[in-house]
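Below you'll find the structure, written out as structure tokens, and then a few comments.
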Amino acid sequence: MDYRRIVILTGAGVSAESGVDTFRDKNGLWSKIDYRDVATPEGFAANPALVHDFYNMRRRRIAELEPNDAHRALARLEREFSGEVLLVTQNIDDLHERAGSKNLIHMHGEHRSALCTHCGDRSPWEGDMSLETPCPACATVGHLRPDVVWFGEMPYQMERIYDALRAAGLFISIGTSGNVYPAAQFVQEAGRAGAHTIELNLEPSDTFDDFDEAVHGPASRVVPSYVDMLLKS
Ligand code: APR
């Protein structure tokens, strides 16, 4: 197993054991609130206060939580692996960074970032945000929104991600249900380019059949042991 380049995709499941809600599991976020109200541009236009409350609540909640052994194992892989490791996360939380990951793409944005729809500025953000909050760059009011990629919007850094998938020797998918595109299609992209593909998930995902291999169980257990194996090989 001589993988020069590894691309890792993570989803909400990698942060579940840290206390971050997943979306589609039993009691997941989308079973409690309609995603159309809080995760679409239309929902934001219809009720920006509701959307700001939702992400303010998430921002406060995530600030109280800590990375788990899965996050730490991935940071260790990046540090100790002799080849290249790129971590692409669908998560908006900062637990990968707090665990030490550096070569990281937040394809769906970040909860600790603000986006101004007037000047396009994206600024690091702490605390609550509202319609009254002025943009840190252009100072206009009423245009600030959470810097999160909503349904129907284009994820970030897609060209860089596809270039990495096409050059990968190993593609690892962790804690994602394979419901949301384009992320759910990454396994095919990497597989077509010759990468070995593996799913590490609590249960088989919707794209389970597209993988060469799978290990099912909680991320905090299966990710550290898989990383151990990679670093020993
Ligand atoms: N360890 C490993 N996997 C887990 C764990 C765990 N402890 N707990 C849950 N999972 C798995 C579930 O089995 C499920 O397959 O994580 C997956 C979570 O799936 P979703 O809730 O659909 O989350 P995700 O795939 O990240 O959603 C993708 O959808 O709502 C949008 O933008 C949002 O980025 C998100 C995207």
Side-chain angles (χ1 to χ4, degrees), residues 1 3 6-32 57-112 168 170-180 183-184 186-187 190 195-208 210-233:
M1 291 180 283
Y3 308 121
I6 301 177
V7 175
I8 303 164
L9 173 70
T10 63
V14 78
S15 295
E17 293 159 87
S18 293
V20 182
D21 289 322
T22 62
F23 297 95
R24 293 171 189 80
D25 291 322
K26 201 163 138 304
N27 296 326
L29 273 174
W30 298 154
S31 71
K32 298 170 192 154
M57 175 273 290
R58 296 202 71 197
R59 204 173 292 114
R60 276 186 240 120
R61 171 87 178 117
I62 294 166
E64 298 161 357
L65 305 175
E66 294 300 329
N68 62 56
D69 288 346
H71 297 107
R72 285 186 280 272
L74 295 174
R76 176 184 167 223
L77 180 64
E78 183 187 325
R79 274 195 314 276
E80 300 178 16
F81 183 66
S82 57
E84 204 182 305
V85 175
L86 174 67
L87 181 50
V88 179
T89 187
Q90 297 171 86
N91 301 343
I92 64 171
D93 68 57
D94 61 341
L95 299 179
H96 282 305
E97 288 92 331
R98 284 200 260 150
S101 288
K102 305 249 181 315
N103 196 20
L104 172 64
I105 296 177
H106 280 272
M107 68 179 289
H108 291 166
E110 300 174 60
H111 77 302
R112 294 179 64 194
L170 174 64
F171 174 72
I172 312 171
S173 176
I174 303 170
T176 185
S177 60
N179 253 277
V180 174
F186 290 175
V187 57
H196 179 74
T197 60
I198 181 166
E199 167 177 279
L200 306 177
N201 213 51
L202 193 59
E203 63 208 359
S205 74
D206 291 12
T207 50
F208 167 68
D210 296 327
F211 287 87
D212 299 316
E213 200 186 342
V215 180
H216 294 126
S220 67
R221 180 166 54 74
V222 297
V223 175
S225 60
Y226 188 71
V227 166
D228 277 349
M229 187 274 293
L230 278 177
L231 290 174
K232 287 200 187 89
S233 62

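Positions are given from 1 along the sequence. A quick note: this is a predicted structure, and the numbers were derived from the prediction, not measured.
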On a heavy-atom basis, which atom in [X] and which in [Y] lie closest, and how many Å separate them?
X      : Y      : result
Ser205 : Ser177 : CB-O, 3.6 Å
Pro224 : Ala73  : CA-CB, 3.7 Å
Ala184 : Gly178 : CB-O, 3.5 Å
Leu202 : His216 : O-CB, 3.8 Å
His71  : Leu95  : NE2-CB, 3.5 Å
Thr197 : Ala190 : CG2-CB, 4.5 Å

**OP:** Assess whether side-chain contact (heavy atoms from CB on, under 4.5 Å) is satisfied between Met107 and Phe186, documenting all intermediate values.
**Re:** CA-CA 12 Å; Met107 68 179 289; Phe186 290 175; 3.7 Å; yes

In Å, rounded to the nearest 0.5 Å, how long is the span from [atom1] of [X] to [atom2] of [Y]?
X      : Y      : atom1 : atom2 : result
Ser18  : Asp93  : OG    : CG    : 7.5 Å
Leu86  : Phe171 : CG    : CZ    : 10.5 Å
Asn103 : Leu74  : CG    : CG    : 12.5 Å
Asp69  : Glu17  : CG    : CD    : 8.5 Å
Tyr226 : Glu213 : OH    : CD    : 5.5 Å
Leu9   : Leu200 : CG    : CG    : 11.0 Å

Taking the side chain as C-beta and beyond, is there a heavy-atom pair between [X] and [Y] under 4.5 Å?
X      : Y      : result
Leu87  : Glu78  : no
Glu203 : Asp25  : yes
Asp228 : Arg76  : yes
Arg79  : Leu231 : no
Arg112 : Glu97  : no
Ile92  : Arg58  : yes

**OP:** Answer yes if the side chains of His96 and Ser15 hold a donor-acceptor pair under 3.5 Å, and no otherwise.
**Re:**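 No donor-acceptor contact under 3.5 Å links the two side chains.
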
Subject >> Trace of the side-chain contact (heavy atoms from CB on, under 4.5 Å) decision for Val215 with Arg221 >> reply: CA-CA 10 Å; Val215 180; Arg221 180 166 54 74; over 6 Å; no

Are the side chain of [X] and the backbone N or O of [Y] linked by a donor-acceptor pair below 3.5 Å?
X      : Y      : value
Asp21  : Gly28  : no
Asn201 : Ile174 : no
Arg72  : Pro67  : yes
His106 : Thr89  : no

Subject >> side chain to side chain contact (heavy atoms under 4.5 Å, CB included), paired with Val227, selected from Ile172, Leu77, Val222 >> reply: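 Answer after filtering Ile172, Leu77, Val222: Leu77.
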
